[in-house]
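One structure is given below, encoded as structure tokens.
Computed over heavy atoms, backbone and side chain alike; hydrogens, waters and symmetry mates excluded. Throughout, numbering of the chain's residues begins at 1 and tracks the sequence. All values derive from a computational prediction rather than experimental measurement. In listed order, ligands and their atoms are each counted from 1.
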Amino acid sequence: MRNPLSDVVVDIKPSGIRKFFDIVTEMNDPEVVSLGVGEPDFDTPWHIREEGIYSLEKGRTFYTSNSGLMELRREICRYLHRTQGIDYDPGKETLITVGGSEAIDLGLRALINPGDEVLIPQPSYVSYEPCAVLAGAKPVVINLKAENEFRLTAQEVEEAVTDRTKLLILPFPNNPTGAIMEREDLEAVARVALEHDLIVMSDEIYGELTYKGRHISIASLPGMKERTILINGFSKAYAMTGWRLGYACGPELILRQMTKIHQFAIMCAPTTSQYAAVEALRNGDADIAEMRTAYNQRRRYLMDAFRRMGLECFEPYGGFYVFPSIKQFGMTSDEFATRFLAEEKVAVVPGSAFGASGEGFLRISYAYSLEALKIAIGRLERFVEKLRGEGRERRNPECT
Ligand SMILES: Cc1ncc(COP(=O)(O)O)c(C=O)c1O
């Protein structure tokens with residue numbers, strides 16, 4: 001039989017996050033505490049679920065238009081107007097997708113010609129690079145630096161740009177680091193994008209989960225709406241991961257092509273979820289505020305615990321992740337996470353799963369109850385002491 005597979009697909013490495021979930025599943029041990037998943041521990045607020053149920057009761061079980069329910073697109077445009085002061089046309093500049101994930105894929109496929117370069121700041125979400133490769137792009141990684149608190153600087157973009165660069169992915173608030181970009185950071189990057197005629201794909205899925213001022217979209221800066229694909233969704237802010245709903249807003253020229261791919265590949269995003277999302281946007285602000293307060297409390301608890309333990313960690317102001325350094329222990333993040341899971345039954349994700357510049361760090365998700373976090377921190381404290389003990393023994397072998 002001939003090789004039935006695509007070489008491009010075969011060459012893509014599976015997600016590094018999965019490995020740890022597979023081990024946790026295999027262990028099948030109720031004592032394992034997982035801080036690995038980037039998924040809210042809250043249920044979708046009841047009034048949102050109710051609206052989904054109601055739409056089913058009403059028999060709203062048909063396809064919507066390819067771009068999504070007009071009612072939902074209007075709500076999204078209202079939301080972006082009230083939170084960012086950006087005005088999108090719900091008819092021409094808005095597309096409802098299957099999660100932010102689909103929007104990322106569509107955006108790349110609609111923009112890329114073979115060999116175009118895409119700038120991907122890392123550490124960052126695991127799908128950008130494979131989706132860029134699948135679209136035929138050459139991914140160009142920008143290694144974000146801990147000393148810049150993992151923000152993207154204009155200079156880093158400037159240094160990575162060539163005459164083949166077409167697109168900059170802007171992954172903030174960031175998964176896995178929790179880094180945010182403030183107005184002046186964005187203004188500097190926008191200047192480079194304008195100067196070099198770059199399109200920006202701004203993944204703002206954690207935009208509602210910031211703990212220092214409000215999230216600012218780069219699309220709201222002068223001259224940037226015309227060259228930005230703004231991606232967002234319902235998974236994180238409204239605890240709606242399983243509903244699979246997201247959206248893209250951007251220039252009509254680009255959105256028309258994204259919609260074409262979506263039309264052939266997907267048809268439309270899930271109808272029930274679209275009805276529920278209308279309710280989320282209309283009446284969900286208080287739910288977001290409540291969840292944000294809980295995340296913030298957990299974030300502060302973790303930062304205090306790391307300080308007490310002597311684990312270096314810059315203060316993350318977005319998302320629901322912390323990214324402490326484990327460099328002092330002289331092992332890779334994969335080794336650390338593997339031993340921590342085997343010896344203390346806590347699952348965290350090695351920073352290297354999010355790009356080479358994540359090496360030496362761990363991603364710890366705080367989308368878990370404070371009780372679970374307290375158990376995990378107790379075990380981490382014990383593990384860190386043990387590693388320090390091993391370090392001392394190595395340095396003074398006669399003491400053993
Ligand atoms: C940064 C980032 N972007 C996009 C997504 C995709 O989310 P969804 O497809 O559920 O909207 C995730 C999910 O973890 C993420 O962390």
Side-chain angles (χ1 to χ4, degrees), residues 15-18 20-21 34-42 44 48 68 72 76 79 95-108 118 120-132 144 150-152 168-181 200-210 215 217-218 228-249 258 262 265-266 269-270 273-274 276-277 280-281 284 288 291 295 316-323 348-349 351 353-355 358 363-368:
S15 158
I17 305 182
R18 277 259 67 87
F20 280 84
F21 297 147
S34 170
L35 304 184
V37 185
E39 169 165 68
D41 58 317
F42 298 100
T44 304
I48 300 175
L72 176 56
I76 288 167
Y79 166 79
L95 170 65
I96 313 296
T97 56
V98 179
S101 305
E102 192 211 349
I104 294 165
D105 185 40
L106 292 180
L108 283 157
V118 175
I120 307 180
Q122 285 182 352
S124 60
Y125 184 50
V126 292
S127 87
Y128 307 131
E129 198 172 338
C131 287
L144 300 174
F150 291 104
R151 290 166 193 240
L152 175 67
L168 165 67
I169 293 182
L170 196 63
F172 297 97
N174 183 276
N175 169 12
T177 64
I180 58 167
M181 294 278 278
V200 175
M201 181 188 278
S202 183
D203 180 351
E204 304 181 16
I205 200 105
Y206 295 99
E208 281 293 344
L209 300 178
T210 58
H215 166 70
S217 172
I218 196 165
T228 301
I229 305 175
L230 186 163
I231 291 175
N232 206 332
F234 297 85
S235 290
K236 315 291 175 171
Y238 301 97
M240 290 178 71
T241 46
W243 298 76
R244 307 307 306 125
L245 207 67
Y247 58 89
C249 291
M258 289 172 66
H262 172 78
I266 304 286
S273 308
Q274 293 192 53
L281 286 169
I288 296 178
M291 290 188 264
Y295 290 135
Y317 290 111
F320 36 57
Y321 308 102
V322 284
F323 206 58
V348 296
V349 184
F354 305 92
R363 186 190 80 170
I364 295 180
S365 163
Y366 50 89
Y368 291 90

Item checked: ligand 1 to Ser235 polar contact by distance, N or O atoms, under 3.5 Å -> yes
Checklist line | Test of proximity, Gly100 against ligand 1: N or O pairs below 3.5 Å | finding: yes
Check: Just heavy atoms, cut-off under 4.0 Å: does Phe354 contact ligand 1 by side chain, backbone, both, or neither?
Finding: neither
Next item on the list: Tell me which part of Phe234 gets within contact of ligand 1: side chain, backbone, both or neither, using heavy atoms under 4.0 Å.
Entry: neither
Next item on the list: Select the closest option to atom 16 (O) of ligand 1 among Thr97, Val98, Asn175, judged by heavy-atom distance.
Entry: Asn175
Mark the output for [X] as yes if a heavy-atom distance to ligand 1 is under 4.0 Å, and as no if none is.
X      : value
Glu39  : no
Glu102 : no
Tyr128 : yes
Gly233 : no

Note to self: With heavy-atom distances below 4.0 Å as the criterion, list the atoms of ligand 1 near Asp203.
What the structure shows: 1 (C), 2 (C), 3 (N), 4 (C)
Margin query: As an exercise, identify every atom of ligand 1 less than 4.0 angstrom from a heavy atom of Arg244.
Written below: 8 (P), 9 (O), 10 (O)
Notebook entry, point to check: Looking at Glu102 and Ile266, what are the two nearest heavy atoms and their distance?
Noted result: OE2-CG1, 3.1 Å
Check: For the residue pair Ala248 and Ile229, what are the closest heavy atoms and their distance?
Finding: CB-CG2, 4.2 Å
With side chains defined as the heavy atoms from C-beta onward, is the minimum distance between [X] and [Y] less than 4.5 Å?
X      : Y      : result
Ser273 : Phe234 : no
Leu144 : Pro123 : yes
Ile76  : Ile96  : yes
Arg363 : Asn175 : yes
Leu108 : Tyr128 : no

I need the nearest protein heavy-atom contact for [atom]: residue, atom name and distance, please.
atom                    : answer
atom 13 (C) of ligand 1 : Lys236 NZ, 3.0 Å
atom 12 (C) of ligand 1 : Tyr125 CZ, 3.4 Å
atom 6 (C) of ligand 1  : Ser101 OG, 3.3 Å

Check: Under 3.5 Å, is there a donor-acceptor pair between the side chain of Gln274 and the main chain of Ala269?
Finding: yes
Notebook entry, point to check: Applying the ring-ring contact (aromatic ring centres under 6.0 Å, His included) test to Tyr321, which of Tyr368, Tyr366, Tyr206, Phe150 qualifies?
Noted result: Tyr206
